[in-house]
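Here is the structure we will look at.
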Amino acid sequence: QVQLVESGGGLVQAGDSLRLSCAASGLTFSRHVMAWFRQAPGKEREFVAAIRWRTINTYTADSVKGRFTISRDNAKNTVYLQMNSLKPEDTAVYYCAADRGGVSYVYIPNRGSEYNSWGQGTQVTVSS
């Protein structure tokens with residue numbers, strides 16, 4: 001059974017930084033596209049960033065590009081989201097996700113339906 005456990009969320013002030021971690025188990029981590037999504041109160045789940053398993057290239061949503069960076073450490077079965085210059089609108093529950101593994105995509109998947117496994121989420125609250 002795949003397990004994804006997020007950590008690193010918290011309450012911060014605007015302009016601060018946080019690094020989220022997602023520890024994965026129950027999968028061949030290096031063969032999965034990994035992603036971060038977020039869901040703010042009253043809003044639908046939103047794609048944040050993803051990282052491929054073969055080329056290790058990344059894609060980041062325009063709303064966070066230049067501020068957030070996704071990375072992975074296959075030796076540690078962990079994916080990270082470094083969040084800098086946080087804004088109040090970044091307030092959300094952040095979820096780690098993994099695709100089904102072992103497949104190549106023409107485009108990086110950025111839809112929730114393209115991911116098979118999800119973590120419980122970690123709350124990020126940014127106050128002004």
Side-chain angles (χ1 to χ4, degrees):
Q1 185 71 29
V2 175
Q3 291 187 336
L4 304 176
V5 181
E6 302 97 334
S7 62
L11 173 63
V12 298
Q13 297 290 321
D16 285 353
S17 297
L18 282 174
R19 189 182 73 165
L20 306 183
S21 298
C22 172
S25 62
L27 48 68
T28 305
F29 181 78
S30 63
R31 294 291 179 264
H32 289 260
V33 178
M34 303 296 298
W36 289 95
F37 290 76
R38 66 185 182 185
Q39 188 166 20
K43 296 184 178 180
E44 296 183 352
R45 192 165 296 186
E46 174 191 20
F47 173 81
V48 176
I51 184 166
R52 285 175 165 168
W53 62 270
R54 182 177 291 276
T55 63
I56 318 297
N57 62 339
T58 63
Y59 177 80
T60 308
D62 289 343
S63 60
V64 302
K65 192 171 185 177
R67 299 187 297 119
F68 291 9
T69 303
I70 188 171
S71 62
R72 68 193 297 164
D73 187 337
N74 289 339
K76 297 181 179 179
N77 288 358
T78 302
V79 62
Y80 304 95
L81 185 68
Q82 178 66 45
M83 305 185 294
N84 298 326
S85 301
L86 283 162
K87 304 175 181 179
E89 53 262 43
D90 295 319
T91 295
V93 177
Y94 283 72
Y95 297 91
C96 178
D99 81 335
R100 68 182 185 272
V103 298
S104 297
Y105 299 91
V106 176
Y107 302 100
I108 195 75
N110 65 350
R111 297 161 64 98
S113 61
E114 296 173 303
Y115 291 86
N116 287 31
S117 303
W118 296 83
Q120 292 287 97
T122 185
Q123 176 71 47
V124 173
T125 303
V126 185
S127 61
S128 59

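Fair warning: this is a prediction, and the values are worked out from it, not measured in the lab.
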task: Test side-chain contact (heavy atoms from CB on, under 4.5 Å) on Ser63 and Glu46 and set out the steps.
output: CA-CA 10 Å; Ser63 60; Glu46 174 191 20; 3.4 Å; yes
Under 3.5 Å, sequence neighbours excluded: what are the donor-acceptor pairs made by side chains of residues 91-100?
from	atom 1	to	atom 2	distance (Å)
Thr91	OG1	Pro88	O	2.9
Thr91	OG1	Val126	N	2.9
Thr91	OG1	Val126	O	3.4
Tyr94	OH	Arg38	NH1	2.9
Tyr94	OH	Asp90	O	2.7
Asp99	OD1	Val33	N	2.9
Asp99	OD1	Gly101	N	3.1
Asp99	OD2	Tyr105	OH	2.7

Shortest non-hydrogen contact between Pro109 and Ala50, atoms and distance: O-CB, 4.1 Å
query: Between Thr122 and Gly8, which heavy-atom pair has the shortest distance, and what is it?
result: OG1-N, 4.2 Å
- prompt: Is it true that atom CD of Gln120 has more than 12 heavy atoms of other residues, nucleotides or ligands lying nearer than 6.0 Å?
  reply: no
field: Enclosure of Glu89 CD (heavy-atom neighbours >12, cutoff 6.0 Å)
entry: yes
Just how far is it from atom [atom1] of [X] to atom [atom2] of [Y], taken to the nearest 0.5 Å?
X	Y	atom1	atom2	answer
Thr60	Asn110	OG1	CG	11.5 Å
Ser128	Leu86	OG	CG	13.0 Å
Leu81	Arg72	CG	CZ	14.0 Å

query: In the hydrophobic clustering (ILVMFWY, side-chain contacts below 4.5 Å, transitive), which residues join Val5, or is it alone?
result: none
query: Hydrophobic cluster mates of Val106, side-chain heavy atoms under 4.5 angstrom, ILVMFWY only, any path?
result: Tyr107
task: Please name all residues satisfying side-chain hydrogen bond (donor to acceptor under 3.5 Å, both in side chains) with Gln3, sequence neighbours left out, ordered by chain then number.
output: none
field: Val103 with Ile108, same ILVMFWY side-chain cluster at under 4.5 Å
entry: yes
- prompt: Is there a path of hydrophobic side-chain contacts, each under 4.5 Å between heavy atoms of I, L, V, M, F, W or Y residues, that connects Tyr80 with Ile70?
  reply: no
Steps toward side-chain contact (heavy atoms from CB on, under 4.5 Å) verdict (Leu4, Met34): CA-CA 10 Å; Leu4 304 176; Met34 303 296 298; 4.1 Å; yes
- request: Give every residue pair that meets the ring-ring contact (aromatic ring centres under 6.0 Å, His included) criterion with at least one member in residues 12-47, sequence neighbours excluded.
  value: Phe37-Phe47, Phe37-Tyr115, Phe37-Trp118, Phe47-Tyr59
Donor-acceptor pairs are to be reported for all side-chain atoms of residues 16-26 against protein atoms at under 3.5 Å, with residues two or more places apart or in another chain.
from	atom 1	to	atom 2	distance (Å)
Asp16	OD2	Gln13	N	3.1
Ser17	OG	Asn84	OD1	2.9

